[in-house]
Participant: 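Below is one structure. I have some questions about it.
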Amino acid sequence: MSKSSHPALVWPRTDSDPSKYPDTTRGSDSWYEEEGAGTAKYELYASQVAKHLVHHLGLSVDASKQRIPLPDGYKIFAHKKAQSSGEIRTDHYVYGARDVAKFRSVPEFLDHAEWLFDTSRPLDDHTTCTCKYSKGTNRRQSMPSSATKRPSGSSPLKEGSAKKKKVEPGEEAVFPAVVPERAEELRSHRRFRRGELIWFKINTIDPPSHAPTAGLKPVTHWPGLISKILLKTKVLNSGDVASASASSASNQTVIHYYEYHIRPLGMFSAQDEIIKDGRDVLPWQAGSALMGGEPGWNSIGLHAEKVLKEGVKKEGAKHKGSGQSQEELESLVNKGWKGNWAKRIRFLEMSDKYEEIVFRLSVALKIGSDIAEAWAQTDKIDVLPNDQDISAEDMKAILSQKKNLYQGLWWGGERIWLDDLVRLKKTRSELPTNALLPPSEGATERGVFLKIRSVSYSPLNKPNTTGWRCVVYGDVFELAKEGTPGTESLKEANGDTDDTSLVHHYPAPKGYDYRQLNEKESEVTVDIIDVAGRIYPDLLDASTQNWFIDPSNPSNKEGRVEPGEGAYALSGLKSGTTVASKSTIWDEDLYSIVQRTTKATESGMKEWYTKLSRAALGLPKLPTSQVDGNPTGTANGHKGQNGAGTLNEVLNGSNGESKS
């Protein structure tokens, strides 16, 4: 039997189907012959696929010397065909994949190979594969066939009368042109997604024991944005404990896990990245349990202001009265800002002293808070004019560009897609009872959720109003105890789940399942402002995170803290009103959100520094219009004396009122 050259290069699974092999009965002018291990073509695949996987999995070995046999059940067949010239033409193909007729070359097979290695993507759903033969990467652009012909004027969470089109047996489901990233992120059930705003764990930095500011807490996490996510492989010896998907090879175990590359916020080098395991990363909304939550963040802002004032005072003392010209002193202001406070360093070069990092932390908190307050819709769906799943009224609005449909959203720093299950800013008791099932036992204390089927963006239908309204459509769920009647609808085992959905299984917290509340043939509408954010059902599971004490494993306390109401809400075990997105500011896309918030925060900080530094150097006050080149003398829309408020006002976004 053909062997692999490295324990990590072992197929963790296969989707093979022998019925896909070609007929090897020899014909007069065309026939197939199997080419097994040891043949030139087989060895070409073995070496080239191994080389690709070495780079994909991040293995520290010489890729050119590695080999991996074909997945179990896959075979190479040579198709031989007689030509009119008397010569025999030979073409080689890989057969055996359940959902692919054949692969014609090594490059065609590589994406499929990655899919087989990524055990987080269901083997029974080839749409999550990114190879050219996946139905998830090449579909016509249309609205999902599950979308309703909803009557105009429908009220959010009030009616379940709109009917969803059902895919009949034998009828092919019609999907939108699925963004590959959407399919991959949904089906992987990976906790975090590319571009999301998160917290990553750092070595704890304690505040001074006698700090002049009250309410300062140890810094345990730092804000950042996920720039990329890599699937990695690790080889463990027998007896080691693994917490990721694994496959065995002799006495060794190969685990596959995700590696998160994170851009730290807070004026660091542009391309600086921190690499973290998912267990050291928390959702942004978990910040209510970090550094004292919003009151603690406000204390950080106050202390950062004191540190800045003291630092500027020392800078000024070195040069005031030195006899330097005004021009020379003017240059010191900009040099001081760039050299002492806004110097672009790598995160790992940052000091571990609280007094030296608190200003940069305050900048990071402000930028993160502003990103979380912004939102954008993404990946517009181009609807075909003859789409039968859309009412004439809606089609007219779409074609006249008065309504648009989208596949995704950036909301509160989180990436949300069609088919996502999201938390709502509703308590169970707030939902109408006439159109929905009554609460199950204990459900009134837990969250309410919406499985998104459609995202619509249209102008407000109000006189003298130019605003737009974003509405999401879908099915509403509660969290019920396992075994409660009606909790089967989001279980993977149920074969009659919605045929048009990219997701047929949604993990729930331990001991619970999701229970659909609206009728199967109806759905509800919700304004986007009522979406609290994503759900993190395993947030309290000790095996998937290193910060919160797992309620089911309370003895494991080392380095962990008791989860508060916020952590339970993010898990779905408390109402979405407990911790929710505060997004109110629309922007074009994530890039615009990050650029705008970063620039505004840094400009505000520099404006405040300039004011303090000029005073410390004995320079005259600048006219409002000349502060940092801002024609209005404001930073991020906030005014104070001479166009710059106190640092804490800049951080909080208002005159002392915290917006963090």
Participant: Run the side chain to side chain contact (heavy atoms under 4.5 Å, CB included) check on Met605 and Ser362 step by step: do they pass?
Facilitator: CA-CA 10 Å; Met605 295 295 191; Ser362 68; 4.1 Å; yes
Participant: Which pair of non-hydrogen atoms, one from Phe548 and one from Ala289, has the smallest distance, and what is that distance?
Facilitator: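 Scanning both residues, the minimum pair turns out to be CE2-CB, 4.0 Å.
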Participant: Step by step, would you call Lys366 with Thr601 a side-chain hydrogen bond (donor to acceptor under 3.5 Å, both in side chains)?
Facilitator: CA-CA 7 Å; Lys366 172 59 176 171; Thr601 299; 5.5 Å; no
Participant: Could you check Tyr258 against Asp118 for side-chain hydrogen bond (donor to acceptor under 3.5 Å, both in side chains), going step by step and ending with a plain yes or no?
Facilitator: CA-CA 10 Å; Tyr258 289 110; Asp118 188 353; 3.0 Å; yes
Participant: What about Trp284 and Trp199, are their ring centers closer than 6.0 Å?
Facilitator: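 When the ring centroids of Trp284 and Trp199 are compared, they turn out to be within the sub-6.0 Å range.
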Participant: Working note: Leu186 + Arg193, criterion side chain to side chain contact (heavy atoms under 4.5 Å, CB included); need CA distance, chi angles, decisive distance, verdict.
Facilitator: CA-CA 9 Å; Leu186 284 171; Arg193 300 169 178 175; 3.8 Å; yes
Participant: Where do Phe347 and Phe200 land on the ring pair (Phe, Tyr, Trp, His ring centres under 6.0 Å) test, with the steps shown first?
Facilitator: CA-CA 12 Å; Phe347 187 82; Phe200 61 91; 5.2 Å; yes
Participant: For the atom pair CG (Leu479) and CD1 (Ile535), what is the distance rounded to the nearest 0.5 Å?
Facilitator: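 Answer rounded to 0.5 Å: 6.5 Å.
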Participant: With heavy-atom distances below 4.5 Å as the criterion, would you say the side chains of Lys338 and Lys343 are in contact?
Facilitator: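 Counting from C-beta outward, Lys338 and Lys343 never come under 4.5 Å.
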Participant: Under a 4.5 Å cut-off applied to non-hydrogen side-chain atoms, are Leu431 and Glu478 in contact?
Facilitator: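 They are not in contact (no side-chain heavy atoms under 4.5 Å apart), so the answer is no.
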Participant: What's the separation between atom CG in Asp352 and atom CG in Asn203, rounded to the nearest 0.5 Å?
Facilitator: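 Rounded to the nearest 0.5 Å, the CG-CG separation comes to 8.5 Å.
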Participant: With a 4.0 Å cut-off, would you call Arg182 and Asp419 a salt bridge?
Facilitator: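 Salt bridge: yes.
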Participant: Would Phe449 and Tyr514 count as a close aromatic pair, with their ring centres under 6.0 Å?
Facilitator: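 Yes; Tyr514 has its ring centre under 6.0 Å from that of Phe449.
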Participant: Enter the distance from Lys481:NZ to Arg446:CZ here, rounded to the nearest 0.5 Å.
Facilitator: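 Here the rounded value is 6.5 Å.
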Participant: Between OG1 of Thr119 and CG of Leu231, what distance do you get to the nearest 0.5 Å?
Facilitator: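 One finds 7.5 Å between OG1 of Thr119 and CG of Leu231.
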Participant: Is the shortest side-chain N to carboxylate O distance from Asp587 to Arg596 below 4.0 Å?
Facilitator: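 Looking at Asp587 and Arg596, the cut-off is met.
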Participant: May I ask you to decide if Gly442's main-chain N or O and Glu445's side chain share a donor-acceptor pair within less than 3.5 Å?
Facilitator: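 A pair under 3.5 Å: no.
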Participant: Tell me whether Glu185 contacts the main-chain N or O of Arg194 through its side chain, where contact means a donor paired with an acceptor under 3.5 Å.
Facilitator: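 Between the backbone of Arg194 and the side chain of Glu185 there is a qualifying donor-acceptor contact (under 3.5 Å).
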Participant: Tell me, please, whether Tyr257 has Arg279 positioned over its six-membered ring: NZ or CZ under 6.0 Å from the ring centre and within 45 degrees of its axis?
Facilitator: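 Output no; distance or angle outside limits.
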Participant: Is the NZ or CZ atom of Arg560 positioned over Trp547's six-membered ring, under 6.0 angstrom from the centre and within 45° of the axis?
Facilitator: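 Pair Arg560/Trp547 does not count as cation-pi.
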Participant: Can a donor-acceptor pair be found, under 3.5 Å and without considering hydrogens, that links the side chain of Thr213 to the backbone of Ser299?
Facilitator: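 Side chain of Thr213 to backbone of Ser299, a donor-acceptor pair under 3.5 Å: no, none is there.
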Participant: In sequence, state the C-alpha distance, the side-chain angles, and the governing distance for Leu348 and Ile274, and then conclude on side chain to side chain contact (heavy atoms under 4.5 Å, CB included).
Facilitator: CA-CA 8 Å; Leu348 295 179; Ile274 298 296; 4.1 Å; yes
Participant: Keeping Arg191 on the side-chain end and Thr544 on the backbone end, is there a donor-acceptor pair under 3.5 Å?
Facilitator: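 Answer holds: yes.
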Participant: Have Glu414 and Ser581 got a donor and an acceptor in their side chains that come within less than 3.5 Å?
Facilitator: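 No pair is found: no donor N or O on one side chain lies under 3.5 Å from an acceptor on the other.
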Participant: Is there side-chain contact between Lys309 and Trp608, with at least one heavy-atom pair below 4.5 Å?
Facilitator: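 Sidechains of Trp608 and Lys309: in contact.
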Participant: Indicate yes or no for a side-chain donor-acceptor contact from Lys510 to the backbone of Ser552 under 3.5 Å, with no hydrogens or angles considered.
Facilitator: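 No: the side chain of Lys510 does not pair with the backbone of Ser552.
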Participant: Any sub-3.5 Å donor-acceptor pair from Trp297's side-chain atoms to Gly292's backbone N or O?
Facilitator: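 Such a contact is absent between Trp297 side chain and Gly292 backbone.
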Participant: Should the pair Tyr609 and Trp341 be assigned to parallel (<30°), tilted (30 to 60°) or perpendicular (>60°) ring geometry?
Facilitator: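 It falls in the tilted class, 30° to 60°.
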Participant: Using a 4.5 Å cut-off on heavy atoms from C-beta on, say whether the side chain of Leu409 contacts that of Cys470.
Facilitator: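 A side-chain contact exists here, since the closest heavy-atom pair is under 4.5 Å.
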Participant: On a heavy-atom basis, which atom in Ser288 and which in Gly566 lie closest, and how many Å separate them?
Facilitator: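 For Ser288 and Gly566, the tightest heavy-atom pair comes out as OG-CA, 4.2 Å.
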Participant: Working to the nearest 0.5 Å, report the span between OG of Ser555 and CG of Asp550.
Facilitator: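 Reported value, rounded in 0.5 Å steps: 9.5 Å.
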Participant: Hey, mind stepping through Gln377 and Trp586 against side-chain hydrogen bond (donor to acceptor under 3.5 Å, both in side chains) and telling me if it holds?
Facilitator: CA-CA 9 Å; Gln377 74 279 15; Trp586 178 87; 2.8 Å; yes
Participant: Salt bridge (charged side-chain N to carboxylate O under 4.0 Å, His left out) between Glu349 and Arg360: does it pass, once the steps are laid out?
Facilitator: CA-CA 13 Å; Glu349 296 172 346; Arg360 202 175 288 268; over 6 Å; no
Participant: Quick one, Glu196 with Arg190, criterion salt bridge (charged side-chain N to carboxylate O under 4.0 Å, His left out). Give me CA distance, side-chain angles, the key distance, then yes/no.
Facilitator: CA-CA 12 Å; Glu196 287 192 317; Arg190 197 171 55 219; over 6 Å; no
Participant: Can you say whether the rings of Tyr354 and His303 are parallel (under 30°), tilted (30 to 60°) or perpendicular (over 60°)?
Facilitator: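 Taking His303 first and then Tyr354, their aromatic rings sit tilted (interplane angle of 30° to 60°).
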Participant: Just wondering, are more than 12 heavy atoms of other shown residues or ligands nearer than 6.0 Å to CD in Glu558?
Facilitator: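 No, not enclosed.
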Participant: So which atom in Pro509 and which in Ser571 form the shortest heavy-atom distance, rounded to 0.1 Å?
Facilitator: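 Minimum heavy-atom contact is CG-O, 3.1 Å.
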Participant: Got a donor-acceptor contact below 3.5 angstrom from the Arg515 side chain to the Ala480 backbone?
Facilitator: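 Not confirmed, Arg515 side chain does not pair with Ala480 backbone.
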Participant: Roughly how far, to the nearest 0.5 Å, is CD1 of Ile528 from CD1 of Ile416?
Facilitator: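 Answer for the CD1-CD1 pair, Ile416 versus Ile528, is 6.0 Å.
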Participant: Less than 4.5 Å apart, any side-chain heavy atom of Arg415 and any of Arg534?
Facilitator: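 Side chain of Arg415 against side chain of Arg534, heavy atoms only: no contact under 4.5 Å found.
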Participant: If only atom types and distance count, is the side chain of Thr487 paired as donor or acceptor with the main-chain N or O of Glu482 below 3.5 Å?
Facilitator: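 Here the side-chain-to-backbone pair does not exist.
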Participant: Check whether any side-chain heavy atom of Ile549 lies under 4.5 Å from a side-chain heavy atom of Asn556, and answer yes or no.
Facilitator: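 In short, these two side chains do not touch, never coming nearer than 4.5 Å.
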Participant: Heavy-atom distance under 4.5 Å between the side chains of Met291 and Val219, does that happen here?
Facilitator: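 Answer yes - side chains close enough.
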Participant: When you measure from the side chain of Asp280 to the backbone of Asp277, do you find a donor-acceptor pair of N or O atoms at a distance under 3.5 Å?
Facilitator: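 Not at all, since once roles are kept as given, no pair shorter than 3.5 Å links the two residues.
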Participant: Thr128 vs Trp115, test: side-chain hydrogen bond (donor to acceptor under 3.5 Å, both in side chains). Steps then yes/no.
Facilitator: CA-CA 8 Å; Thr128 61; Trp115 178 70; 2.8 Å; yes
Participant: Taking side chain as C-beta onward, heavy atoms only, is Thr130 less than 4.5 Å from Glu184?
Facilitator: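 Not touching, per the 4.5 Å side-chain cut-off.
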Participant: Under the side chain to side chain contact (heavy atoms under 4.5 Å, CB included) criterion, do Lys228 and Glu273 qualify, and how do the steps go?
Facilitator: CA-CA 10 Å; Lys228 60 184 174 182; Glu273 289 185 343; 3.7 Å; yes
Participant: Where the side chain of Ser269 meets the backbone of Ile345, is there a donor-acceptor pair that is under 3.5 Å apart?
Facilitator: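 Answer holds: yes.
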